Amino acid sequence: MTKTVDAFDFHCHIDLFPDPVGTIAACEIKRLFTLAVTTTPKAWAQNRRWTEGRHYIHAALGLHPELAGERYDEITLLEQLMPDARFVGEIGLDGSSKYWNSWLIQKSIFIRVLETAQRLGGRVASIHSRRAAREVLACLAEHTTPQRVLPILHWFSDTVSLTRQAVEQGCYFSINHRMLSSRSGAAVVEGIPADRILIETDAPFTGNTESKNQWRDVMSIANQLAKCRGVQVDMMLAQLATNAECVLHFAGVSF
Ligand code: MN
């Protein structure tokens with residue numbers, strides 16, 4: 001990759017910002033690679049239109065586990081659209097009590113998406129695993145191989161030992177500032193090998209709804225990460241760029 005990308009945000013809900021078009025324009029100007037995840041397959045067409053011909057924004061096709069209960073029938077649409085989407089997300093499982101009643105539906109959707117991604121190959125998936133990390137890793141192990149599906153665990157907040165297991169299974173991790181602000185989150189981040197770390201803002205769910213903050217937030221997370229891992233910021237940024245390049249290469253994207 002030639003050095004034309006200045007920074008990377010691997011999980012951002014641009015379509016939930018007050019001004020998605022302005023945000024996308026800002027990413028292009030800042031040369032900020034952004035993975036624009038979606039929460040329902042119906043949102044994909046709009047995101048696709050917004051991001052078409054853009055260099056730095058890539059839309060991901062998803063069905064958020066929190067919406068699985070009410071949006072179950074959209075899984076068919078998602079499967080139909082998958083051949084056009086190298087990036088998949090937000091998908092995953094949520095084991096919080098609030099979503100227990102949709103647990104079996106969530107699992108069924110997640111497995112169907114993983115099986116489709118595995119069949120197509122070259123897919124990068126941004127995965128939600130709140131209170132469900134063990135199940136997410138079990139589904140990945142059962143339905144995908146690292147040669148065909150590259151998982152990025154987004155806002156991973158489980159134990160250090162499950163972090164290790166995820167690393168062994170080939171997962172990458174996208175880190176946001178909320179993870180770095182708790183002691184347990186920082187312990188997880190410290191346990192991730194340097195070559196598996198990526199950055200995400202998960203905006204607007206992490207508190208920001210303004211496009212002008214996205215660049216500042218990515219840089220601030222890079223600074224926090226460098227501090228947490230005891231390396232120079234320049235080295236951290238270089239490592240993050242190398243990691244991003246590996247992930248994008250897997251999806252067939254080059255700059
Ligand atoms: Mn998200």
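For the single chain, residues carry numbers from 1 onward in sequence order. Just so we're clear, the structure is a prediction, and the values are computed from it rather than from any experiment. Note that these values count all heavy atoms, side chains included, but never hydrogens, waters or copies made by symmetry.
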*Asks:* Rounded to the nearest 0.5 Å, what's the gap from CG on L162 to CD on E168? Could you check?
*Replies:*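 Separation between the atoms: 11.0 Å.
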*Asks:* Using side-chain contact (heavy atoms from CB on, under 4.5 Å) as the criterion, list what pairs up with Y56, not counting sequence neighbours.
*Replies:*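 By the side-chain contact (heavy atoms from CB on, under 4.5 Å) rule, Y56 matches T4, V5, E28, R31, F255.
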*Asks:* I'd like to know if the side chain of R130 reaches the main chain of S157, judged simply by a donor and an acceptor atom lying under 3.5 Å from each other, with no hydrogens or angles considered.
*Replies:*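 The answer is no, because no donor-acceptor pair under 3.5 Å joins these two groups.
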*Asks:* Where is the tightest heavy-atom contact between I221 and N176, given as atom of each residue plus distance?
*Replies:*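 That would be CD1-CA, 4.0 Å.
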*Asks:* What is the minimum heavy-atom distance between I91 and P65, and which atoms define it?
*Replies:*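 Result for this residue pair: C-CD, 4.0 Å.
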*Asks:* Would you kindly confirm whether V189 and V233 end up in one hydrophobic cluster when ILVMFWY residues are joined by side chain heavy atoms under 4.5 Å apart?
*Replies:*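 Linked within one cluster.
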*Asks:* For the atom pair CD (Q239) and CZ (R196), what is the distance rounded to the nearest 0.5 Å?
*Replies:*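 Reported value, rounded in 0.5 Å steps: 11.5 Å.
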*Asks:* Indicate, with yes or no, if I14 and V21 share a hydrophobic cluster defined by side-chain heavy-atom contacts under 4.5 Å among Ile, Leu, Val, Met, Phe, Trp and Tyr.
*Replies:*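 V21 clusters together with I14.
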*Asks:* Please round to the nearest 0.5 Å and tell me the distance separating atom CG of L32 and atom CD1 of I24.
*Replies:*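 Spacing of CG (L32) from CD1 (I24) equals 12.0 Å.
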*Asks:* Could you pull out the closest heavy-atom pair between I127 and G92, with the gap in Å?
*Replies:*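 In terms of heavy atoms, the two residues are closest at CG2-CA, 4.0 Å.
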*Asks:* What orientation do F33 and F8 show, parallel under 30°, tilted 30 to 60°, or perpendicular over 60°?
*Replies:*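 Answer is tilted, since the angle falls between 30° and 60°.
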*Asks:* Between the side chain of Q106 and the main-chain N/O of Y99, is any donor-acceptor distance below 3.5 Å?
*Replies:*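 Between the backbone of Y99 and the side chain of Q106 there is a qualifying donor-acceptor contact (under 3.5 Å).
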*Asks:* Please test Q214 against T34 for side-chain contact (heavy atoms from CB on, under 4.5 Å), starting from the C-alpha separation and ending with a verdict.
*Replies:* CA-CA 10 Å; Q214 191 192 359; T34 301; 3.1 Å; yes
*Asks:* To the closest 0.5 Å, what do you measure between CG (D6) and SG (C27)?
*Replies:*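 Spacing of CG (D6) from SG (C27) equals 12.0 Å.
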*Asks:* Under 6.0 Å from the CZ atom of R112, do we count more than 12 heavy atoms belonging to anything else shown?
*Replies:*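 Check passes, neighbour count above 12.
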*Asks:* Shortest non-hydrogen contact from P146 to F250?
*Replies:*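 Taking P146 first and F250 second, the nearest heavy atoms are O-CE1, 3.5 Å.
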*Asks:* What closest approach, in Å, do D158 and V188 show between heavy atoms, and which atom pair accounts for it?
*Replies:*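 That closest heavy-atom pairing would be O-CG2, 3.1 Å.
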*Asks:* Between E79 and R119, does any NZ, NE, NH1 or NH2 come within less than 4.0 Å of an OD or OE carboxylate oxygen?
*Replies:*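 No, R119 and E79 are not salt-bridged.
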*Asks:* Just verifying a value: how many Å separate D217 CG and H177 NE2, rounded to the nearest 0.5 Å?
*Replies:*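 Between atom CG of D217 and atom NE2 of H177 there are 6.5 Å.
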*Asks:* Are the side chain of S174 and the backbone of I199 linked by a donor-acceptor contact shorter than 3.5 Å?
*Replies:*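 Side chain of S174 to backbone of I199: no pair is present.
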*Asks:* Under the criterion side-chain contact (heavy atoms from CB on, under 4.5 Å), I'd like the reasoning laid out for F87 against L248: C-alpha separation, chi angles, the key distance, then a yes or no.
*Replies:* CA-CA 10 Å; F87 296 99; L248 297 179; 3.8 Å; yes
*Asks:* Establish, from distance only, whether the side-chain atoms of H11 and E90 form a donor-acceptor pair under 3.5 Å.
*Replies:*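 On atom types as modelled, these side chains qualify, holding a pair under 3.5 Å.
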*Asks:* Can you measure from CZ (R123) to CZ (R86) and round to the nearest 0.5 angstrom?
*Replies:*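 Result: 5.0 Å between the selected atoms.
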*Asks:* If you measure only the distance, is there a donor-acceptor pair under 3.5 Å linking the side chains of D15 and Q46?
*Replies:*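 No, no side-chain donor-acceptor pair sits under 3.5 Å.
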*Asks:* State, to 0.1 Å, how close A222 and L237 come at their nearest heavy-atom pair, and which atoms those are.
*Replies:*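 Answer, listing the atom of A222 first, then L237: CB-CD2, 3.7 Å.
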*Asks:* So, the side chain of S184 versus the backbone of S182: is there a donor-acceptor pair under 3.5 Å, distance only?
*Replies:*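 A pair under 3.5 Å: no.
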*Asks:* Group every Ile, Leu, Val, Met, Phe, Trp and Tyr by side-chain heavy-atom contacts under 4.5 Å, then state whether F110 and L104 land in the same group.
*Replies:*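 Both belong to a single hydrophobic cluster.
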*Asks:* Report yes if the side chains of W103 and L93 come closer than 4.5 Å at any heavy-atom pair, otherwise no.
*Replies:*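 When only atoms from C-beta onward are counted, L93 and W103 do touch, with a gap below 4.5 Å.
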*Asks:* Within the side chain of T51, is there an N or O that forms a donor-acceptor pair under 3.5 Å with the backbone of R54?
*Replies:*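 Between the backbone of R54 and the side chain of T51 there is no qualifying donor-acceptor contact (under 3.5 Å).
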*Asks:* If only atom types and distance count, is the side chain of W44 paired as donor or acceptor with the main-chain N or O of A60 below 3.5 Å?
*Replies:*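 Side chain of W44 to backbone of A60, a donor-acceptor pair under 3.5 Å: no, none is there.
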*Asks:* For Q118, enumerate each residue passing the side-chain contact (heavy atoms from CB on, under 4.5 Å) test, keeping only those at least two apart in sequence or located in another chain.
*Replies:*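 Result, side-chain contact (heavy atoms from CB on, under 4.5 Å) vs Q118: T144, T145, R148, V149.
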*Asks:* Are there more than 12 heavy atoms of other residues, nucleotides or ligands under 6.0 Å from atom NE2 of H55?
*Replies:*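 Yes, because the 6.0 Å sphere around NE2 of H55 holds more than 12 heavy atoms from other groups.
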*Asks:* Is there a side-chain contact between E66 and H128 in this structure, where contact means two heavy atoms from C-beta onward sitting under 4.5 Å apart?
*Replies:*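 With C-beta onward as the side chain, the pair touches.
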*Asks:* With a 3.5 Å cut-off and no angle check, do the side chains of E200 and S126 form a donor-acceptor pair?
*Replies:*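 Result is no, nothing qualifies.
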*Asks:* Answer yes or no: is there a side-chain heavy-atom contact under 4.5 Å between S108 and Y72?
*Replies:*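 Yes, at least one pair of side-chain atoms sits under 4.5 Å.
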*Asks:* Please say yes or no: joined through hydrophobic side-chain contacts below 4.5 Å, possibly via intermediate residues, are I197 and M235 part of one cluster?
*Replies:*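 Looking at the clustering, M235 is in a separate group from I197.
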*Asks:* Are the side chain of Q169 and the backbone of L137 linked by a donor-acceptor contact shorter than 3.5 Å?
*Replies:*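 At least one qualifying donor-acceptor pair exists.
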*Asks:* A side-chain contact here means heavy atoms from C-beta on lying under 4.5 Å apart; do C171 and L140 qualify?
*Replies:*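 C171 vs L140: side chains touch.
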*Asks:* Do any N or O atoms from the side chain of D94 and from the backbone of L67 form a donor-acceptor pair under 3.5 angstrom?
*Replies:*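 No: the side chain of D94 does not pair with the backbone of L67.
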*Asks:* Could you check whether any side-chain heavy atom of I192 comes within less than 4.5 Å of a side-chain heavy atom of T163, counting everything from C-beta outward?
*Replies:*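 Side-chain contact under 4.5 Å: yes.
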*Asks:* When you compare the side chain of V253 with that of V124, does any pair of heavy atoms fall below 4.5 Å?
*Replies:*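 When only atoms from C-beta onward are counted, V253 and V124 do not touch, as no gap falls below 4.5 Å.
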*Asks:* Checking R164 side chain against G191 main chain: does a donor-acceptor pair fall under 3.5 Å?
*Replies:*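 Checked: no pair found.
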*Asks:* Parallel under 30°, tilted from 30 to 60°, perpendicular over 60°: which one fits the rings of H13 and H64?
*Replies:*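 Answer is tilted, since the angle falls between 30° and 60°.
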*Asks:* Indicate, with yes or no, if L77 and I111 share a hydrophobic cluster defined by side-chain heavy-atom contacts under 4.5 Å among Ile, Leu, Val, Met, Phe, Trp and Tyr.
*Replies:*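 No, I111 does not connect to L77 through the hydrophobic network.
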